[in-house]
Amino acid sequence: QVQLVESGGASVQAGGSLSLSCAASGYTITSYCMGWFRQTPGKEREGVAFFFPPGRSTHYADSVKGRFTISLDNVKNTLYLQMNSLKPDDTAMYYCAARRLFAGSCVREGSWYNYWGQGTQVTVSS
């Protein structure tokens with residue numbers, strides 16, 4: 001059974017850094033498309049960063065490009081999100097998501113992913 005467990009969320013001041021982790025079990029992470037999403041009440045879910053097995057490519061939302069870094073540890077079967085220069089607008093519940101690589105490609109739409117973690121809260125104060 002596929003399970004995703006996020007951790008690392010906290011309250012920080014603007015300009016600070018956090019590192020989120022998503023521990024995966026029940027499958028080999030390298031064969032799955034992986035993504036970090038975030039959501040705040042009243043707003044649409046936003047895809048923040050993605051790690052795609054084909055070529056181990058990474059992709060970022062414009063809002064976090066240059067500040068966030070997604071990475072994968074094959075040995076630990078864990079996905080990470082390093083967040084630097086945090087802003088109050090980064091405040092949200094952060095979720096990791098996964099779906100087995102299909103037809104050699106991954107997508108960035110949240111509705112495409114079929115496995116989700118429970119989320120970890122990030123709060124950035126000004």
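None of these values were measured; they are calculated from a predicted model.
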With sequence neighbours left out, write down each residue that passes ring-ring contact (aromatic ring centres under 6.0 Å, His included) with W112, or none if nothing qualifies. none

Assess whether side chain to side chain contact (heavy atoms under 4.5 Å, CB included) is satisfied between L72 and R56, documenting all intermediate values. CA-CA 9 Å; L72 191 71; R56 296 177 64 86; 4.3 Å; yes

Using the disulfide (SG to SG under 2.5 Å) rule, collect all pairs that involve residues 34-66, keeping only residues at least two apart or in two chains. none

Would you check if F68 and L86 make a side-chain contact, meaning some heavy-atom pair closer than 4.5 Å? yes

4.5 Å side-chain heavy-atom contact, M83 and V64: no

Does Y60 have any ring-ring contact (aromatic ring centres under 6.0 Å, His included) partners at least two apart in sequence or in another chain, and if so, which? none

Over 60° means perpendicular and under 30° means parallel, so tell me whether F52 and F50 are parallel, tilted or perpendicular. tilted

Here the pair of heavy atoms bringing T91 nearest to Q121 is CG2-NE2, 4.1 Å

Residue pairs passing the salt bridge (charged side-chain N to carboxylate O under 4.0 Å, His left out) test where at least one lies in residues 71-97, sequence neighbours excluded: R38-D90, R67-D90

Which pair of non-hydrogen atoms, one from A98 and one from M34, has the smallest distance, and what is that distance? CB-SD, 3.4 Å

Could you give the distance from CZ (F37) to CD (E109), rounded to the nearest 0.5 Å? 8.0 Å

Of the non-hydrogen atoms in R45 and S111, which two are nearest, and what is the gap between them? NH2-N, 3.7 Å

Residues at least two apart in sequence or cross-chain that pass side chain to side chain donor-acceptor pair (under 3.5 Å) with R99, listed by chain then number, are none

Can you list every disulfide (SG to SG under 2.5 Å) pair that touches residues 87-126, not counting sequence neighbours? C22-C96, C33-C106

Spatial distance of atom CD (Q1) from atom OH (Y115) [nearest 0.5 Å]: 8.5 Å

